[in-house]
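Have a look at the structure below, then the notes.
Below, all heavy atoms of this structure are taken into account, side chains as well, without hydrogens, waters or symmetry copies. The chains referred to below are lettered A, B, ... by the order of the sequence lines, with proteins before strands, and numbering in each begins at 1.
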Amino acid sequence: MEPILKVTDLSKSFSRAGKNEFFAVDHVSFEVMPGEILGIVGESGSGKSTIAKLITRQIDATTGTIEIDGQDITKLTGRQLIPVYAKVQMVFQTPAGSFDPRRTLGDGICESLRNKGISKVEREAKARGLLEQCGLSSEFLERYPHQVSGGQCQRAAIARALMCDPRILIFDEATSALDVTVQKQIIELLQQLQREKKLAYLFICHNLALVQQFCDKVLVLYDGKIVEYGLPDDVILYPQSEYARRLVDAIF
Amino acid sequence: MAVLLDYQHVEISFNGNAVVHDVSFQLHPGEILGLVGESGSGKSTLVKAAMGLLGSSGMVTRGDIWFEGKNLPDLSDNEMRHICGEKIGMIFQDCGASLSPIRTIGEQIMESMAAHRKVDVAAAKATAMELFDKLHFKDGERVWNSYPFELSGGMNQRAGIAIAMLMNPVILMADEPTSALDVAVQRQVVEEMLNVRKVFGTAIIIVTHDIGVVSAMADSILVLQEGHVMEYGKAKDVLENPQNAYTKKLLSAVPRLRRERL
């Protein structure tokens, strides 16, 4: 089986006046197989979100390559990226902030299909179906982001990400801003969707306990470098790096 | 044992709508009480009510909050000034943001001491250094001379705790003091607060949604949901043997690190 996402020797550096180059992401390599859940953990500033931005091409890599479904996307630009975004979608930390406050959730959810020229009837039917799968009734299409709770908004954001039938979803701290009982519901939803649609997830999270419960593999980042990469139980029970050991010890 | 702070049937309303209903609890000297609940449960509001921080739209509409023989919601601003900061200290979620960005920590320490009593720089600095020492700050001199942006998030939080402890208050209110911090730094701040209690005997009310933090600190726990008390008791009892359906649901939703193979 071919990996759905393959990252090889990926770096992002920033040059600083009078100082050495700063590597936010420092030569990392990993892959995600179809249907696999890979967790990325690390403290603030370790480069977790930069990796997500590199993979979704919001910023350009300094070195290395990113392959999605066998295609090298590292240097693609503009229109060339449109078919790539049909395969990779992202869910953000603050759901309300990821929707346009002046437009309904339905507008936001349907936008990708509208851009593809799919008819209103068709795209709304699909949105209703996905909202229902995500545990929301179709009346949420008419709601504005400020009219729904954080958990409901995150469900809508997941439905939005699923509209173009992606193969891999990237979650950047997607449950961190939610209450624990809501977080649990969202995780259950993600598990169910993963089973039904054979989706792969890249799950960026600072909560090691959640990663242990939810992910097939985990990657620990420190100062932009991979310090651990393996099965969650191996990493948590037998951490090899000093940093991972400290991280595990610090958890209450 | 003497009761330090006594909430009796407290109801708090914003613009006439009650958001906290009939909450009663007692804080004893040296006790650490955890107020636990999800967003909107009223946990911060309860603490703010004692500090007079409800703003113009909020007020205590029923019940009393007794401290040293006085009902806090009845006091004038002038009387509150002698209690807030001096007898009841407070720290917030992001101390870096509640400190002034254009003054050094030292200048802000001076300012907050001068608000309560006459001090000169040398005496203030001596007091602060002694306090920094008790709180095991590695380089107190550097902290004193630093601007908040020159310190890490965790160090700002510890500086915030130090500033709150300057007047040696009998109660420290901590509103989500660890929520904005990385895990390893969270532990440092929790240990800092435990150290404060050990050294000064301060009673602490910690408001948090983080069950891990309360289980590491609290002697007693009060669980809130939508402004109602769900459960109140010894920390061990509430965490290990919850009686209330909501408490059970909350505790079971918390992901816990498994340190053994299944």
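- The environment of CD in Glu150(B) is crowded: more than 12 heavy-atom neighbours from other residues, nucleotides or ligands sit within 6.0 Å.
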With side chain to side chain contact (heavy atoms under 4.5 Å, CB included) as the test, would you mind laying out the steps for Val183(B) and Glu43(A) before giving the verdict? CA-CA 8 Å; Val183(B) 190; Glu43(A) 59 189 19; over 6 Å; no
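- One distance of note links CD of Gln183(A) with CD of Glu38(B); it measures 10.0 Å at 0.5 Å rounding.
- Heavy-atom neighbours of Lys48(A) NZ from other residues, nucleotides or ligands within 6.0 Å: above the threshold of 12.
- Most heavy-atom pairs under 4.5 Å with chain A, from the set Leu181(B), Val190(B), Val185(B): that is Val190(B).
- Residues Ile251(A) and Arg187(B) share a closest heavy-atom pair of O-NH2, 3.5 Å.
- Here the CZ atom belonging to Phe252(A) is positioned 7.0 Å from the CG atom belonging to Asp210(B), to the nearest 0.5 angstrom.
- Note that the CD1 atom of Ile236(A) and the CD atom of Glu260(B) stand 13.0 Å from one another [nearest 0.5 Å].
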Between Arg261(B) and Leu237(A), is the side chain to side chain contact (heavy atoms under 4.5 Å, CB included) condition met? List the steps.
CA-CA 8 Å; Arg261(B) 286 208 185 268; Leu237(A) 305 177; 3.5 Å; yes
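- Using a 4.5 Å cut-off between heavy atoms, Leu208(A) contacts chain B through both its backbone and its side chain.
- Both the backbone and the side chain of Val248(A) come within contact range of chain B, each with at least one heavy atom under 4.5 Å from a heavy atom of that chain.
- At least one donor-acceptor pair closer than 3.5 Å links the side chain of Asp179(A) to the backbone N or O of Ser39(B).
- In the displayed structure, Met59(B) atom CE is contacted under 6.0 Å by at most 12 heavy atoms of other residues, nucleotides or ligands.
- Contact annotation for Tyr238(A): only side-chain heavy atoms (C-beta onward) come within less than 4.5 Å of a heavy atom of chain B.
- Heavy-atom distances place both the backbone and the side chain of Val213(B) under 4.5 Å from chain A.
- Contacts between residues 240-259 of chain B and chain A, defined by a heavy-atom separation under 4.5 Å, are made by Lys249(B), Leu250(B), Ser252(B), Ala253(B), Val254(B), Pro255(B), Arg256(B), Leu257(B), Arg258(B), Arg259(B).
- Atom CD of Glu226(B) has 12 or fewer heavy atoms from other residues, nucleotides or ligands within 6.0 Å.
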